[in-house]
K.L.:
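Could you have a look at this structure, given as C-alpha cells, before my questions?
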Amino acid sequence: MTDIIANIDWAGILKNIGITSIKLIVILIIFAIVKSIGNRLIRTSFEKLENRKDMTAGRAHTLRSLTKSIFSYVLIFILVVVVLGTFGIDIAGLIAAAGIVGLAIGFGAQGLVSDVVTGFFILLEKQLDVGDYVTAAGMGGIVEETGLRTTHIRGFDGTLHFVPNREISTISNHTRGNMRALVDIGISYDDDIDKAIEVLQEACDRVAETNENIVDGPNVVGVQELGASDVVIRVIAQAKTNMQWAVERELRKAMKQALDANGIEIPFPHQVYINKTENNG
C-alpha cells in the first residue's frame with residue numbers, strides 16, 4: 001500500500017488540478033463578462049427599438065424579459081458543455097443522451113409543451129403586454145410578467161395569480177383603446193326630470209374642462225330605469241386606459257354636489273309602516 005502511494009505522481013495530479021482550476025476560473029469570468037455584455041446589448045437594443053418603432057413600454061418590457069431569459073438559458077447550456085469538456089467528458093454522447101431523454105420527457109410533459117406553444121402565440125399576436133388590465137382564465141388584474149410557460153396576473157386585492165398558458169383560452173384585454181366610464185344616479189319621482197338632466201349635464205361639462213383623462217363626453221344619455229323609489233339617469237364618458245374608475249368617482253362627486261345645490265333629492269331606501277286599528281264601534 002505504501003509503495004502504491006509512493007508511486008503516485010502527486011506533482012502531476014496537483015499540476016492537473018491547478019490547470020483545471022485555472023480553466024474553470026477563466027471560463028466563469030468569460031461567462032460573467034459575456035452575460036453582462038449580452039444583457040446590456042439587449043437592454044439598449046430594445047430601448048432604441050421602442051423609440052424608433054413607437055413600441056409601447058409594456059410590449060418592450062415583455063419582449064426584453066423573454067429575450068433575456070432565452071439568452072440566459074443558451075449561455076448556461078454553453079457553460080455546462082464547456083465545463084464538461086474541460087473534465088474530459090464525452091460531450092457528443094452526452095448531448096445525444098440528453099436528446100433521447102428530452103424526447104421521452106416531451107411525451108410525458110404534454111402540458112408543458114402546450115404551455116410553451118400557447119405562450120408563443122400569445123406573445124407573437126401581441127394579445128397582452130406587461131401592465132395591461134386583462135381577464136384571462138377567470139382571473140382579472142394587471143399583467144406583471146408574461147412568459148412561454150406562465151402568465152403572472154396581479155389581482156386588484158394584491159393576489160398574484162400564476163396562470164399556465166394552456167389554461168388561457170380567451171383573453172379580454174381592457175386596455176386596448178379608450179375605456180367607458182359609466183355612472184347611474186337616481187333622483188326622486190317628485191323632481192323634474194328635465195331639470196335634473198340639465199343640472200347633471202352642466203356638472204359633467206365642468207368635470208370635462210378640468211379632467212384630462214376624459215377623451216369624450218361625459219354625456220347624460222337620459223333615463224335608464226324606473227326603480228322602486230327612484231328614477232335612474234345614466235351618464236357615459238370615454239376615458240383614457242385604466243382611468244375610467246377615477247373619472248367615475250369624480251363624476252359621482254360632482255353630480256351629487258350639483259343635485260344638492262339645486263334641491264334635487266337623491267332618494268334612499270325607506271319604509272312606510274301603516275298601523276291599522278280595528279274600530280269596534
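Nothing here was measured: the structure is a model prediction, and the numbers come from that model.
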K.L.:
Could you list all the salt bridge (charged side-chain N to carboxylate O under 4.0 Å, His left out) pairs where at least one residue sits in residues 216-231, not counting sequence neighbours?
P.N.:
none
K.L.:
Just jot down the salt bridge (Lys or Arg N to Asp or Glu O under 4.0 Å) partners of Arg154, sequence neighbours excluded, or say none.
P.N.:
Glu144
K.L.:
Apply side chain to side chain contact (heavy atoms under 4.5 Å, CB included) to Ile142 and list each qualifying residue two or more places apart in sequence or on a separate chain.
P.N.:
Tyr133, Phe156
K.L.:
Please identify each residue that fulfils side chain to side chain contact (heavy atoms under 4.5 Å, CB included) with Val220, with sequence neighbours left out.
P.N.:
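In terms of side chain to side chain contact (heavy atoms under 4.5 Å, CB included), with neighbours along the sequence ignored, Val220 is linked to Ile197, Leu200, Gln201, Cys204, Ile233, Val235.
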K.L.:
Do you know the tightest heavy-atom contact between Ala239 and Val247?
P.N.:
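Heavy atoms only, the tightest pair is CB-CG2, 3.9 Å.
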K.L.:
Hey, which of Ile193, Val232, Val199 is the one that makes side chain to side chain contact (heavy atoms under 4.5 Å, CB included) with Ile187?
P.N.:
Ile193
K.L.:
Show me the side-chain donor-acceptor pairs of residues 259-268 shorter than 3.5 Å, one per line, residues at least two apart or across chains.
P.N.:
unit_1 : atom_1 : unit_2 : atom_2 : d
Asp260 : OD1    : Lys256 : NZ     : 3.4
Asp260 : OD2    : Lys256 : NZ     : 2.3
Asn262 : ND2    : Ala258 : O      : 2.8

K.L.:
Among pairs that include at least one residue of residues 203-212, which meet salt bridge (charged side-chain N to carboxylate O under 4.0 Å, His left out), considering only residues two or more places apart or in two chains?
P.N.:
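Sorted result for residues 203-212: empty, none.
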K.L.:
Under the side chain to side chain contact (heavy atoms under 4.5 Å, CB included) rule, collect the residues that match up with Leu226, sequence neighbours excluded.
P.N.:
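Leu226: side chain to side chain contact (heavy atoms under 4.5 Å, CB included) contacts with Tyr189, Val223, Val231.
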K.L.:
Ignoring hydrogens and geometry beyond distance, is a side-chain donor-acceptor pair present between Asn165 and Thr150 at under 3.5 Å?
P.N.:
no
K.L.:
Who pairs with Phe162 by ring pair (Phe, Tyr, Trp, His ring centres under 6.0 Å), at least two apart in sequence or on another chain?
P.N.:
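Ring pair (Phe, Tyr, Trp, His ring centres under 6.0 Å) list for Phe162, sorted by chain: His152.
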K.L.:
Among residues at least two apart in sequence or on other chains, which ones pass salt bridge (Lys or Arg N to Asp or Glu O under 4.0 Å) with Arg234?
P.N.:
Asp184
K.L.:
With sequence neighbours excluded, tell me which residues meet salt bridge (Lys or Arg N to Asp or Glu O under 4.0 Å) with Arg180.
P.N.:
none
K.L.:
Can you see which heavy atom on Val207 is nearest to which on Ala254, and at what distance?
P.N.:
CG2-CB, 3.5 Å
K.L.:
Who are the side chain to side chain contact (heavy atoms under 4.5 Å, CB included) partners of Leu75, not counting sequence neighbours?
P.N.:
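Partners of Leu75 under the side chain to side chain contact (heavy atoms under 4.5 Å, CB included) test: Phe31, Val34, Lys35, Phe71.
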K.L.:
Checking Glu248 now: which residues fulfil salt bridge (Lys or Arg N to Asp or Glu O under 4.0 Å) with it, not counting sequence neighbours?
P.N.:
Arg252
